[in-house]
There are 2 protein chains.
Amino acid sequence: MATKISQLKQDFTESLSQISRFWGFPKGMGTIFAVLYLSPTPLALDEITAQTGLTKGAVSTEVRTLARMGLVHRSSKLGDRKDYYEAETDFYTSIRSILKERQNSEFDRALRGVRETLEKLESGSTSGDEAEIQFLIERVQALQDFFDAIDSLTNAVIKLERLGLGNVKTILGVLK
Amino acid sequence: MATKISQLKQDFTESLSQISRFWGFPKGMGTIFAVLYLSPTPLALDEITAQTGLTKGAVSTEVRTLARMGLVHRSSKLGDRKDYYEAETDFYTSIRSILKERQNSEFDRALRGVRETLEKLESGSTSGDEAEIQFLIERVQALQDFFDAIDSLTNAVIKLERLGLGNVKTILGVLK
DNA sequence: TAGAACGTTTAGTAATTACTAAACGAAATA
DNA sequence: TATTTCGTTTAGTAATTACTAAACGTTCTA
(Lines give C-alpha, C1' and ligand atoms only; values in the text may rest on other atoms or scores of the structure.)
Protein backbone atom coordinates (compact mmCIF):
# COMPACT_ATOMS: atom_id res chain seq x y z
CA MET A 1 0.00 0.00 0.00
CA ALA A 2 1.24 3.42 -1.01
CA THR A 3 2.87 5.88 1.35
CA LYS A 4 1.89 9.51 1.05
CA ILE A 5 4.59 11.99 0.14
CA SER A 6 3.63 14.22 3.03
CA GLN A 7 4.21 11.32 5.40
CA LEU A 8 7.65 10.63 4.01
CA LYS A 9 8.60 14.27 4.29
CA GLN A 10 7.48 14.29 7.88
CA ASP A 11 9.52 11.20 8.76
CA PHE A 12 12.57 12.61 7.06
CA THR A 13 12.19 15.90 8.88
CA GLU A 14 11.88 14.09 12.18
CA SER A 15 15.11 12.19 11.50
CA LEU A 16 17.01 15.36 10.70
CA SER A 17 15.72 16.96 13.88
CA GLN A 18 17.14 14.10 15.90
CA ILE A 19 20.46 14.33 14.15
CA SER A 20 20.56 18.05 14.78
CA ARG A 21 19.87 17.57 18.45
CA PHE A 22 22.48 14.86 18.66
CA TRP A 23 25.17 17.21 17.47
CA GLY A 24 24.22 19.83 20.01
CA PHE A 25 22.15 22.04 17.75
CA PRO A 26 18.54 22.96 18.54
CA LYS A 27 16.02 20.45 17.30
CA GLY A 28 14.22 23.22 15.44
CA MET A 29 17.29 23.94 13.38
CA GLY A 30 17.22 20.46 11.93
CA THR A 31 13.53 20.80 11.25
CA ILE A 32 13.98 24.03 9.38
CA PHE A 33 16.84 22.69 7.35
CA ALA A 34 14.89 19.57 6.42
CA VAL A 35 11.93 21.59 5.19
CA LEU A 36 14.17 23.77 3.06
CA TYR A 37 16.13 20.81 1.83
CA LEU A 38 13.03 19.08 0.56
CA SER A 39 11.72 22.15 -1.17
CA PRO A 40 12.50 22.59 -4.87
CA THR A 41 12.10 26.34 -4.52
CA PRO A 42 13.33 28.86 -1.94
CA LEU A 43 10.87 29.46 0.87
CA ALA A 44 9.86 32.66 2.63
CA LEU A 45 9.85 33.00 6.38
CA ASP A 46 6.10 32.56 6.62
CA GLU A 47 6.15 29.40 4.60
CA ILE A 48 8.79 27.99 6.87
CA THR A 49 6.80 28.82 9.97
CA ALA A 50 3.77 27.17 8.42
CA GLN A 51 5.61 23.98 7.54
CA THR A 52 7.55 23.65 10.78
CA GLY A 53 4.96 24.77 13.30
CA LEU A 54 7.52 27.10 14.90
CA THR A 55 6.87 30.78 15.44
CA LYS A 56 8.21 33.60 13.31
CA GLY A 57 10.63 34.63 16.02
CA ALA A 58 12.17 31.22 16.37
CA VAL A 59 12.50 30.72 12.64
CA SER A 60 14.00 34.18 12.24
CA THR A 61 16.80 33.57 14.69
CA GLU A 62 17.51 29.99 13.77
CA VAL A 63 17.52 30.56 10.08
CA ARG A 64 20.08 33.26 10.70
CA THR A 65 22.46 30.93 12.46
CA LEU A 66 21.90 28.36 9.74
CA ALA A 67 22.92 31.01 7.22
CA ARG A 68 25.98 31.92 9.26
CA MET A 69 27.00 28.27 9.19
CA GLY A 70 26.51 28.22 5.45
CA LEU A 71 23.82 25.55 5.56
CA VAL A 72 21.18 27.79 4.02
CA HIS A 73 21.31 30.80 1.76
CA ARG A 74 19.23 33.91 1.86
CA SER A 75 18.00 35.41 -1.36
CA SER A 76 15.35 37.83 -2.53
CA LYS A 77 13.14 38.36 -5.52
CA LEU A 78 12.91 41.68 -7.32
CA GLY A 79 9.96 43.73 -6.23
CA ASP A 80 9.32 41.38 -3.34
CA ARG A 81 10.22 42.48 0.12
CA LYS A 82 10.33 38.98 1.54
CA ASP A 83 13.52 37.08 2.27
CA TYR A 84 13.76 33.66 0.73
CA TYR A 85 15.81 30.79 2.00
CA GLU A 86 17.12 27.66 0.36
CA ALA A 87 19.26 24.82 1.62
CA GLU A 88 22.87 24.37 0.64
CA THR A 89 23.01 21.05 -1.17
CA ASP A 90 26.75 20.60 -1.25
CA PHE A 91 27.51 19.21 2.18
CA TYR A 92 31.23 19.31 1.60
CA THR A 93 30.91 23.05 1.31
CA SER A 94 28.73 23.17 4.40
CA ILE A 95 30.99 21.12 6.59
CA ARG A 96 33.86 23.39 5.75
CA SER A 97 32.00 26.51 6.81
CA ILE A 98 30.71 24.87 9.96
CA LEU A 99 34.24 23.97 10.96
CA LYS A 100 35.43 27.48 10.16
CA GLU A 101 32.61 28.90 12.23
CA ARG A 102 33.61 26.79 15.18
CA GLN A 103 37.16 27.98 15.03
CA ASN A 104 36.34 31.42 16.40
CA SER A 105 34.31 30.25 19.30
CA GLU A 106 34.40 29.53 22.98
CA PHE A 107 36.10 26.36 22.00
CA ASP A 108 39.09 28.16 20.65
CA ARG A 109 39.38 30.27 23.77
CA ALA A 110 39.45 27.11 25.86
CA LEU A 111 42.15 25.64 23.66
CA ARG A 112 44.20 28.76 24.18
CA GLY A 113 43.79 28.25 27.90
CA VAL A 114 45.46 24.88 27.69
CA ARG A 115 48.31 26.28 25.64
CA GLU A 116 48.86 29.04 28.18
CA THR A 117 49.01 26.55 31.00
CA LEU A 118 51.68 24.71 29.10
CA GLU A 119 53.67 27.85 28.39
CA LYS A 120 53.66 28.93 31.99
CA LEU A 121 54.81 25.50 33.10
CA GLU A 122 57.62 25.46 30.59
CA SER A 123 58.81 28.98 31.23
CA GLY A 124 60.05 27.90 34.62
CA SER A 125 58.12 30.63 36.35
CA THR A 126 56.08 28.16 38.34
CA SER A 127 56.75 27.70 42.01
CA GLY A 128 56.41 24.24 43.52
CA ASP A 129 57.82 20.75 43.59
CA GLU A 130 60.11 20.27 40.62
CA ALA A 131 59.14 16.64 39.96
CA GLU A 132 55.47 17.51 39.98
CA ILE A 133 56.01 20.35 37.54
CA GLN A 134 57.87 17.97 35.26
CA PHE A 135 54.96 15.54 35.40
CA LEU A 136 52.44 18.25 34.61
CA ILE A 137 54.47 19.43 31.65
CA GLU A 138 54.41 15.93 30.19
CA ARG A 139 50.69 15.50 30.58
CA VAL A 140 49.66 18.90 29.32
CA GLN A 141 52.10 18.62 26.45
CA ALA A 142 50.55 15.31 25.38
CA LEU A 143 47.09 16.84 25.35
CA GLN A 144 48.38 19.82 23.43
CA ASP A 145 49.88 17.52 20.80
CA PHE A 146 46.56 15.79 20.44
CA PHE A 147 44.73 19.06 19.95
CA ASP A 148 47.27 20.08 17.37
CA ALA A 149 46.67 16.87 15.46
CA ILE A 150 42.94 17.42 15.49
CA ASP A 151 43.47 20.96 14.38
CA SER A 152 45.59 19.84 11.44
CA LEU A 153 43.01 17.29 10.44
CA THR A 154 40.28 19.91 10.62
CA ASN A 155 42.26 22.27 8.46
CA ALA A 156 42.89 19.46 6.04
CA VAL A 157 39.19 18.82 5.73
CA ILE A 158 38.51 22.51 5.32
CA LYS A 159 40.89 22.62 2.41
CA LEU A 160 39.45 19.58 0.66
CA GLU A 161 37.40 20.14 -2.42
CA ARG A 162 35.38 17.04 -1.82
CA LEU A 163 35.45 14.49 0.95
CA GLY A 164 34.18 11.74 -1.28
CA LEU A 165 34.25 8.05 -0.63
CA GLY A 166 37.25 7.65 -2.89
CA ASN A 167 39.34 10.00 -0.82
CA VAL A 168 38.37 8.31 2.38
CA LYS A 169 39.53 4.99 0.99
CA THR A 170 42.80 6.57 -0.06
CA ILE A 171 43.35 7.82 3.44
CA LEU A 172 42.75 4.37 4.81
CA GLY A 173 45.12 2.83 2.34
CA VAL A 174 47.94 5.24 3.04
CA LEU A 175 47.70 4.87 6.77
CA LYS A 176 47.31 1.14 7.03
CA MET B 1 56.56 36.46 39.59
CA ALA B 2 55.85 32.81 40.14
CA THR B 3 52.52 31.13 39.48
CA LYS B 4 51.32 28.59 41.97
CA ILE B 5 50.85 25.03 40.76
CA SER B 6 47.38 24.91 42.25
CA GLN B 7 46.43 27.95 40.20
CA LEU B 8 47.66 26.38 36.99
CA LYS B 9 45.78 23.19 37.70
CA GLN B 10 42.64 25.17 38.30
CA ASP B 11 42.99 27.09 35.03
CA PHE B 12 43.63 23.91 33.11
CA THR B 13 40.62 22.24 34.67
CA GLU B 14 38.47 25.20 33.78
CA SER B 15 39.60 24.99 30.16
CA LEU B 16 38.78 21.31 29.92
CA SER B 17 35.36 21.94 31.41
CA GLN B 18 34.64 24.44 28.66
CA ILE B 19 35.82 22.05 26.00
CA SER B 20 33.64 19.32 27.43
CA ARG B 21 30.61 21.56 27.40
CA PHE B 22 31.35 22.65 23.89
CA TRP B 23 31.18 19.09 22.64
CA GLY B 24 27.85 18.51 24.34
CA PHE B 25 29.13 16.71 27.40
CA PRO B 26 28.35 17.90 30.93
CA LYS B 27 30.76 20.48 32.23
CA GLY B 28 31.42 18.31 35.28
CA MET B 29 32.68 15.52 33.08
CA GLY B 30 35.48 17.69 31.80
CA THR B 31 36.29 18.78 35.32
CA ILE B 32 36.55 15.22 36.55
CA PHE B 33 38.68 14.16 33.65
CA ALA B 34 41.02 17.11 34.14
CA VAL B 35 41.53 16.31 37.80
CA LEU B 36 42.32 12.69 37.01
CA TYR B 37 44.51 13.64 34.11
CA LEU B 38 46.68 15.87 36.26
CA SER B 39 47.05 13.28 38.98
CA PRO B 40 50.12 11.03 38.89
CA THR B 41 48.23 8.38 40.84
CA PRO B 42 44.72 6.94 40.54
CA LEU B 43 42.16 8.74 42.68
CA ALA B 44 39.31 7.39 44.78
CA LEU B 45 35.80 8.72 44.50
CA ASP B 46 36.12 10.82 47.62
CA GLU B 47 39.29 12.45 46.43
CA ILE B 48 37.59 13.34 43.18
CA THR B 49 34.63 14.88 44.96
CA ALA B 50 37.01 16.87 47.13
CA GLN B 51 38.98 18.21 44.20
CA THR B 52 36.03 18.98 41.95
CA GLY B 53 33.52 20.28 44.46
CA LEU B 54 30.86 17.97 43.02
CA THR B 55 28.88 15.56 45.14
CA LYS B 56 29.46 11.84 45.43
CA GLY B 57 26.38 11.09 43.38
CA ALA B 58 27.36 13.27 40.48
CA VAL B 59 30.91 11.95 40.40
CA SER B 60 29.65 8.39 40.62
CA THR B 61 27.45 8.66 37.57
CA GLU B 62 29.73 10.78 35.47
CA VAL B 63 32.81 8.79 36.16
CA ARG B 64 30.88 5.77 34.97
CA THR B 65 30.07 7.30 31.62
CA LEU B 66 33.67 8.43 31.32
CA ALA B 67 34.69 4.84 31.88
CA ARG B 68 32.19 3.61 29.29
CA MET B 69 33.73 6.02 26.80
CA GLY B 70 37.16 4.71 27.64
CA LEU B 71 38.43 8.06 28.87
CA VAL B 72 39.11 6.82 32.38
CA HIS B 73 39.85 3.42 33.85
CA ARG B 74 38.63 1.92 37.06
CA SER B 75 41.02 -0.06 39.18
CA SER B 76 41.29 -1.31 42.72
CA LYS B 77 43.96 -2.01 45.25
CA LEU B 78 44.18 -5.28 47.10
CA GLY B 79 42.64 -5.13 50.52
CA ASP B 80 41.07 -1.77 49.73
CA ARG B 81 37.40 -1.62 49.04
CA LYS B 82 37.57 1.72 47.22
CA ASP B 83 37.43 2.11 43.47
CA TYR B 84 40.25 4.06 41.94
CA TYR B 85 40.13 5.97 38.70
CA GLU B 86 42.82 7.17 36.39
CA ALA B 87 42.70 8.99 33.09
CA GLU B 88 43.43 7.33 29.79
CA THR B 89 46.47 9.13 28.41
CA ASP B 90 46.37 7.78 24.90
CA PHE B 91 43.80 9.99 23.21
CA TYR B 92 43.91 8.03 20.02
CA THR B 93 42.63 5.09 21.94
CA SER B 94 39.99 7.25 23.58
CA ILE B 95 38.71 8.80 20.42
CA ARG B 96 38.18 5.38 18.94
CA SER B 97 36.06 4.20 21.81
CA ILE B 98 34.08 7.43 21.88
CA LEU B 99 33.24 7.00 18.23
CA LYS B 100 32.32 3.37 18.75
CA GLU B 101 30.11 4.37 21.65
CA ARG B 102 28.32 6.89 19.50
CA GLN B 103 27.62 4.37 16.80
CA ASN B 104 24.96 2.55 18.79
CA SER B 105 23.01 5.58 19.77
CA GLU B 106 20.03 7.69 18.96
CA PHE B 107 22.13 9.06 16.19
CA ASP B 108 22.27 5.75 14.43
CA ARG B 109 18.52 5.32 14.68
CA ALA B 110 18.06 8.69 13.03
CA LEU B 111 20.39 7.74 10.23
CA ARG B 112 18.38 4.63 9.65
CA GLY B 113 15.32 6.84 9.38
CA VAL B 114 16.84 8.69 6.46
CA ARG B 115 17.79 5.48 4.74
CA GLU B 116 14.25 4.17 5.11
CA THR B 117 12.82 7.30 3.60
CA LEU B 118 15.07 6.79 0.62
CA GLU B 119 14.13 3.14 0.25
CA LYS B 120 10.44 3.88 0.29
CA LEU B 121 10.87 6.59 -2.31
CA GLU B 122 12.87 4.33 -4.57
CA SER B 123 10.63 1.31 -4.23
CA GLY B 124 7.96 3.12 -6.20
CA SER B 125 5.40 2.53 -3.51
CA THR B 126 4.92 6.23 -2.94
CA SER B 127 1.78 7.91 -4.15
CA GLY B 128 1.98 11.44 -5.48
CA ASP B 129 3.32 13.64 -8.23
CA GLU B 130 5.99 11.76 -10.14
CA ALA B 131 8.26 14.75 -10.75
CA GLU B 132 8.19 15.64 -7.07
CA ILE B 133 9.07 12.11 -6.08
CA GLN B 134 12.00 12.20 -8.47
CA PHE B 135 13.21 15.42 -6.93
CA LEU B 136 12.94 14.01 -3.43
CA ILE B 137 14.88 10.91 -4.40
CA GLU B 138 17.73 13.07 -5.66
CA ARG B 139 17.89 15.17 -2.55
CA VAL B 140 17.62 12.37 -0.03
CA GLN B 141 20.08 10.29 -2.01
CA ALA B 142 22.65 13.11 -1.88
CA LEU B 143 22.29 13.36 1.87
CA GLN B 144 22.59 9.61 2.19
CA ASP B 145 25.81 9.63 0.19
CA PHE B 146 27.19 12.26 2.48
CA PHE B 147 26.36 10.24 5.56
CA ASP B 148 27.98 7.21 4.01
CA ALA B 149 31.17 9.17 3.43
CA ILE B 150 31.24 10.38 7.01
CA ASP B 151 30.62 6.86 8.17
CA SER B 152 33.55 5.54 6.16
CA LEU B 153 35.80 8.23 7.54
CA THR B 154 34.72 7.41 11.06
CA ASN B 155 35.41 3.75 10.55
CA ALA B 156 38.76 4.63 9.07
CA VAL B 157 39.67 6.60 12.16
CA ILE B 158 38.44 3.82 14.41
CA LYS B 159 40.76 1.40 12.67
CA LEU B 160 43.80 3.63 12.90
CA GLU B 161 46.49 2.70 15.35
CA ARG B 162 47.52 6.27 15.84
CA LEU B 163 46.22 9.50 14.42
CA GLY B 164 49.52 11.30 14.92
CA LEU B 165 50.60 14.54 13.36
CA GLY B 166 52.70 12.69 10.84
CA ASN B 167 49.72 10.77 9.56
CA VAL B 168 47.62 13.86 9.29
CA LYS B 169 50.28 15.51 7.19
CA THR B 170 50.37 12.43 4.98
CA ILE B 171 46.64 12.64 4.48
CA LEU B 172 46.94 16.24 3.47
CA GLY B 173 49.68 15.45 1.03
CA VAL B 174 47.83 12.63 -0.64
CA LEU B 175 44.65 14.56 -1.06
CA LYS B 176 46.07 17.85 -2.23
C1' DT C 1 25.01 -8.53 65.05
C1' DA C 2 25.91 -3.52 65.09
C1' DG C 3 28.30 -0.12 62.93
C1' DA C 4 31.18 2.01 59.54
C1' DA C 5 32.78 2.70 54.83
C1' DC C 6 31.88 2.30 50.41
C1' DG C 7 29.31 3.21 45.71
C1' DT C 8 24.61 3.67 43.69
C1' DT C 9 20.01 5.27 43.13
C1' DT C 10 16.36 8.39 43.66
C1' DA C 11 13.64 12.39 44.27
C1' DG C 12 13.81 17.02 44.07
C1' DT C 13 16.06 21.63 42.74
C1' DA C 14 18.86 24.82 40.13
C1' DA C 15 20.47 26.30 35.83
C1' DT C 16 20.34 26.30 31.13
C1' DT C 17 18.31 26.18 26.72
C1' DA C 18 14.61 26.31 23.31
C1' DC C 19 10.76 28.30 22.38
C1' DT C 20 6.31 31.48 22.30
C1' DA C 21 3.72 35.69 22.06
C1' DA C 22 3.72 40.10 21.43
C1' DA C 23 5.85 44.64 20.83
C1' DC C 24 8.60 46.95 17.76
C1' DG C 25 10.93 49.32 13.68
C1' DA C 26 11.53 49.88 8.93
C1' DA C 27 9.89 49.89 4.39
C1' DA C 28 6.29 49.87 1.15
C1' DT C 29 1.49 51.19 -0.13
C1' DA C 30 -2.58 53.69 0.02
C1' DT D 1 0.08 60.57 7.09
C1' DA D 2 -2.19 56.15 8.31
C1' DT D 3 -2.03 51.25 7.29
C1' DT D 4 -0.14 47.00 5.95
C1' DT D 5 3.68 43.77 5.49
C1' DC D 6 7.62 42.20 6.48
C1' DG D 7 11.81 40.67 9.83
C1' DT D 8 13.83 41.37 14.45
C1' DT D 9 14.03 41.87 19.33
C1' DT D 10 12.51 41.20 23.87
C1' DA D 11 10.47 39.44 27.91
C1' DG D 12 8.58 35.63 29.74
C1' DT D 13 7.51 30.42 29.85
C1' DA D 14 8.18 25.55 28.99
C1' DA D 15 11.24 21.84 28.69
C1' DT D 16 15.43 19.86 29.33
C1' DT D 17 19.66 18.95 31.61
C1' DA D 18 23.01 19.01 35.35
C1' DC D 19 23.35 18.74 39.77
C1' DT D 20 22.47 18.13 45.14
C1' DA D 21 21.11 15.83 49.31
C1' DA D 22 19.82 12.07 51.31
C1' DA D 23 18.22 7.28 51.50
C1' DC D 24 19.73 2.89 50.35
C1' DG D 25 22.13 -1.71 49.70
C1' DT D 26 26.35 -4.14 50.24
C1' DT D 27 30.51 -5.48 52.11
C1' DC D 28 33.73 -5.29 55.51
C1' DT D 29 35.18 -4.69 60.55
C1' DA D 30 34.62 -4.78 65.41
Side-chain angles (χ1 to χ4, degrees), chain A residues 13-14 16-36 42-69 71-86 105-107, chain B residues 13-14 16-36 42-69 71-86 105-107:
Chain A
T13 303
E14 173 64 19
L16 276 197
S17 304
Q18 304 274 21
I19 291 171
S20 172
R21 221 174 47 133
F22 183 81
W23 288 108
F25 302 110
K27 196 181 72 166
M29 245 180 67
T31 314
I32 293 172
F33 181 81
V35 163
L36 290 174
L43 297 180
L45 200 99
D46 278 346
E47 301 173 298
I48 302 176
T49 64
Q51 291 194 40
T52 56
L54 299 172
T55 57
K56 256 200 318 171
V59 174
S60 171
T61 60
E62 284 179 357
V63 100
R64 182 151 17 111
T65 77
L66 276 170
R68 208 181 46 220
M69 298 199 303
L71 278 166
V72 310
H73 302 288
R74 194 189 298 239
S75 60
S76 43
K77 297 179 183 170
L78 267 94
D80 185 342
R81 199 141 58 80
K82 286 181 193 158
D83 289 347
Y84 287 86
Y85 296 93
E86 63 188 321
S105 63
E106 296 298 315
F107 182 58
Chain B
T13 303
E14 174 63 20
L16 277 199
S17 304
Q18 304 274 22
I19 291 171
S20 172
R21 223 173 49 132
F22 183 81
W23 288 107
F25 302 109
K27 196 180 71 165
M29 245 179 67
T31 314
I32 293 172
F33 180 81
V35 163
L36 291 174
L43 297 180
L45 201 100
D46 278 346
E47 301 173 299
I48 301 176
T49 63
Q51 291 195 41
T52 56
L54 299 172
T55 57
K56 257 200 315 173
V59 174
S60 172
T61 61
E62 285 178 357
V63 101
R64 182 150 18 111
T65 78
L66 277 170
R68 209 181 47 222
M69 298 198 303
L71 278 166
V72 309
H73 302 288
R74 196 189 298 239
S75 60
S76 42
K77 297 179 183 170
L78 267 94
D80 185 343
R81 199 141 57 79
K82 286 181 194 159
D83 289 347
Y84 288 85
Y85 297 92
E86 63 188 319
S105 64
E106 296 298 313
F107 182 59

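The shown structure was predicted, so the numbers you read here are calculated from the model rather than taken from an experiment. Chain A is the first sequence line, chain B the second, and so forth, proteins listed ahead of strands; every chain is numbered from 1.
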| Would you say the side chain of A:I19 lies within less than 4.5 Å of the side chain of A:L16, judging by non-hydrogen atoms? |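 Yes, side chains in contact.
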| Side chain proximity check, A:E47 to A:K82, heavy atoms < 4.5 angstrom |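 Answer no - side chains too far apart.
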| query | For B:R81, what residues pass the salt bridge (Lys or Arg N to Asp or Glu O under 4.0 Å) criterion, not counting sequence neighbours? | reply |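 None.
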| query | Of all of residues 53-63 of chain A, which get a heavy atom below 4.0 angstrom from DNA chain D, listed by number? | reply |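 Close to the strand are A:K56, A:G57, A:S60, A:T61.
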| task | Specify the residues of residues 73-83 of chain A, ordered by number, for which at least one heavy atom lies under 4.0 angstrom from an atom of DNA chain C. | result |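 Correct list: A:R81.
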Between [X] and [Y], what is the shortest heavy-atom contact and its length?
| X | Y | value |
| --- | --- | --- |
| B:F33 | B:L66 | N-CD1, 4.3 Å |
| A:S20 | A:P26 | OG-O, 2.8 Å |
| A:L36 | A:Y85 | CD2-O, 3.3 Å |

| query | What distance separates A:T31 OG1 from A:I48 CD1, expressed to the nearest 0.5 Å? | reply |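 One gets 11.5 Å once the value is rounded to the nearest 0.5 Å.
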| query | What are the bounds, 5' to 3', of the part of DNA chain C that sits under 4.0 Å from heavy atoms of chain A? | reply | C:dA18 to C:dA28
| note | Quick note, side chain to side chain donor-acceptor pair (under 3.5 Å) partners involving residues 49-66 of chain B, not counting sequence neighbours, are none
| If you look only at pairs with a residue in residues 71-80 of chain B, which of them pass as a salt bridge (Lys or Arg N to Asp or Glu O under 4.0 Å), with sequence neighbours excluded? |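 Matches after skipping sequence neighbours: B:R74-B:D83.
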